[in-house]
Amino acid sequence: MKRRAMGWLFWPVGLISTVLVYLIFLVARPFRGTGVGSRFIGRASLPWGRALVFGAGIKLDVVGELPKSGGPFMIVGNHSSRLDIPVMCVALRGMDFRFLALPKVFRTRILGGAMRLSGHIEIDADAKVASGRTFNSLGPNFARGQSIASFAEGERSLDGEIHEFQKTTFSAAIKYGVTVLPVRLWGVFEVLPKGSKQPKSGRVLVRIGEPIPTEGLARTDAGKLARQVEEWIATTTHPSLESEKG
């Protein structure tokens, strides 16, 4: 079966795989607050992500290495599609992390239930006070070595372009002294843009950037750090262009 003809598999594969991880997370729920349980749930997200990437007919390439030490991390990526979550699960290769996601994601019956069971975190990007409260409650996650993934633009991009990064994500990274790990995604918007229900099979590329330590930074540096990461994600070279230059 040709990959470009596989987009129709996305919904059935997504439903079956999400039900399976829901059951796994239900069994693992009593242990999710422990280091072993947390890592198990993180690794269980990898086959789920692979199933959705396969169902969407995506050819996924990842450039860059995950840091072998120095965590936990505040993982920051650009956001233009519902597929960003499974794509990042695959690109981060079973890394123990949890997403910050909007309430509408948690309202999805099975997916929302699975996300709650696995300890993903609901955040209201439209309410600054509530958003700040969420970021200020991440201490226990970082304390047990669990990284957090944040789409710092707040909402999905409507045009696939990179939009302004909110500094709240970076303020939290500085507060807890965790390293920022930037991640750039290309091609996901073209596969499944906002408002589209059926993915168009295609190629997606992910670049994992160099970790950025926050040691020595003050909370007032959050805006500067946000611009630094936003600029890297917006301007970093597409891997195919590098190969052409070579």
Side-chain angles (χ1 to χ4, degrees), residues 21-22 25 28-29 32-35 37-39 41-42 45 71-82 84-89 92 95-157 162-183 185 194 211-214 217-230 233:
V21 296
Y22 180 92
F25 294 158
R29 184 178 185 181
R32 74 180 188 183
T34 66
S38 178
R39 289 190 294 274
I41 289 173
S45 299
F73 301 93
M74 179 68 81
I75 304 162
V76 180
N78 54 301
H79 189 27
S80 60
S81 171
R82 284 178 291 179
D84 291 336
I85 290 178
V87 163
M88 284 186 68
C89 285
L92 298 174
M95 185 177 180
D96 184 18
F97 71 98
R98 300 296 183 271
F99 282 102
L100 292 170
L102 296 177
K104 59 186 176 184
V105 178
F106 289 89
R107 287 196 291 268
T108 308
R109 287 187 180 180
I110 300 175
L111 176 61
M115 292 188 71
R116 290 188 189 282
L117 286 171
S118 57
H120 293 285
I121 302 160
E122 183 176 333
I123 182 169
D124 189 349
D126 295 326
K128 291 185 178 180
V129 174
S131 174
R133 190 181 302 121
T134 300
F135 278 107
N136 288 331
S137 68
L138 299 178
N141 299 80
F142 292 129
R144 59 176 172 263
Q146 191 179 90
S147 298
I148 298 295
S150 173
F151 296 117
E153 293 162 284
E155 287 274 6
R156 272 182 281 160
S157 171
I162 308 297
H163 295 276
E164 183 178 0
F165 281 15
Q166 300 173 4
K167 68 178 183 179
T168 320
T169 294
F170 304 93
S171 180
I174 293 170
K175 174 180 178 178
Y176 294 108
V178 298
T179 300
V180 174
L181 182 65
V183 178
L185 289 77
K194 190 169 185 178
I212 304 172
T214 60
L217 296 181
R219 297 283 288 276
T220 53
D221 294 318
K224 181 179 178 181
L225 182 58
R227 300 290 79 76
Q228 177 186 347
V229 176
E230 178 188 331
I233 287 179

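Values below: every heavy atom of this structure, side chains too, minus hydrogens, waters and symmetry copies. Remember, predicted model here, so these are calculated numbers, not experimental data.
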ask   = So, the side chain of S157 versus the backbone of S80: is there a donor-acceptor pair under 3.5 Å, distance only?
value = no
inquiry  = To the nearest 0.5 Å, what is the distance between CZ on R82 and OG1 on T108?
reply    = 8.5 Å
key: Distance-minimising heavy-atom pair for P211 and F73   = CB-CE2, 4.4 Å
task = Please confirm whether the backbone N or O of S38 pairs with a side-chain atom of R98, one donor and one acceptor, at under 3.5 Å?
result = yes
query = Under the 3.5 angstrom rule, does the side chain of R227 hit a backbone N or O of E164 as a donor-acceptor pair?
reply = no
inquiry  = Using the salt bridge (Lys or Arg N to Asp or Glu O under 4.0 Å) criterion, which residues pair with R39? Sequence neighbours excluded.
reply    = none
remark   = Here the gap from M95 atom CE to I75 atom CD1, rounded to the nearest 0.5 Å, amounts to 4.0 Å
task = Any chance you could measure E153, atom CD, to H79, atom NE2, to the nearest 0.5 Å?
result = 8.0 Å
Heavy atoms from other residues, nucleotides or ligands near CZ of R116 exceed 12 (cutoff 6.0 Å) = yes
ask   = How many angstroms lie between CD in E230 and CD in Q166, if you round to the nearest 0.5 Å?
value = 11.0 Å
inquiry  = For a 4.5 angstrom cut-off between non-hydrogen side-chain atoms, does F151 reach I85?
reply    = yes
query = For the residue pair M74 and A173, what are the closest heavy atoms and their distance?
reply = CB-CB, 4.0 Å
remark   = NZ (K175) and CG (N136) are apart, to the nearest 0.5 Å, by 3.5 Å
task = Can you measure from CG (L102) to CD1 (I123) and round to the nearest 0.5 angstrom?
result = 8.0 Å
message = Give me the atom names and distance for the closest heavy-atom approach of F170 to A152.
response = CE1-CB, 4.0 Å
key: Side-chain donor/acceptor of S118 to backbone N/O of A114, under 3.5 Å   = yes
key: Student check: side-chain heavy atoms of H120 and V105 closer than 4.5 Å   = no
query = Any side-chain heavy atom of V180 within less than 4.5 Å of one from Q228?
reply = no
ask   = Between the side chain of T214 and the main-chain N/O of L217, is any donor-acceptor distance below 3.5 Å?
value = no
message = I want to check something: taking the side chain as every heavy atom from C-beta on, are F97 and S45 in contact at a cut-off of under 4.5 Å?
response = no
Name of the residue among L181, I212, T169, V183 meeting side-chain contact (heavy atoms from CB on, under 4.5 Å) with V229 = I212
remark   = Of all heavy-atom pairs linking G33 and R144, the shortest is O-CD, 3.6 Å
ask   = At their closest point, which heavy atom of F99 faces which heavy atom of C89, and how far apart are they?
value = CE1-SG, 3.9 Å
query = Where is the tightest heavy-atom contact between M88 and A149, given as atom of each residue plus distance?
reply = CE-CB, 4.5 Å
query = When you measure from the side chain of R219 to the backbone N and O of I174, does any donor-acceptor pair fall under 3.5 Å?
reply = no
inquiry  = Looking at L185, is its backbone amide N or carbonyl O close enough to the side chain of N78 to form a donor-acceptor pair, meaning the two atoms are under 3.5 Å apart?
reply    = yes
inquiry  = Main chain of V76, side chain of S150: is a donor-acceptor contact present, judged purely on distance under 3.5 Å?
reply    = no
query = So do I121 and N141 actually touch side chain to side chain, heavy atoms under 4.5 Å?
reply = yes
ask   = How about K224: does its NZ atom have over 12 heavy atoms from other parts shown lying under 6.0 Å from it?
value = no
message = Tell me every residue that passes ring-ring contact (aromatic ring centres under 6.0 Å, His included) with F142, counting only those two or more places apart in sequence or in another chain.
response = Y176
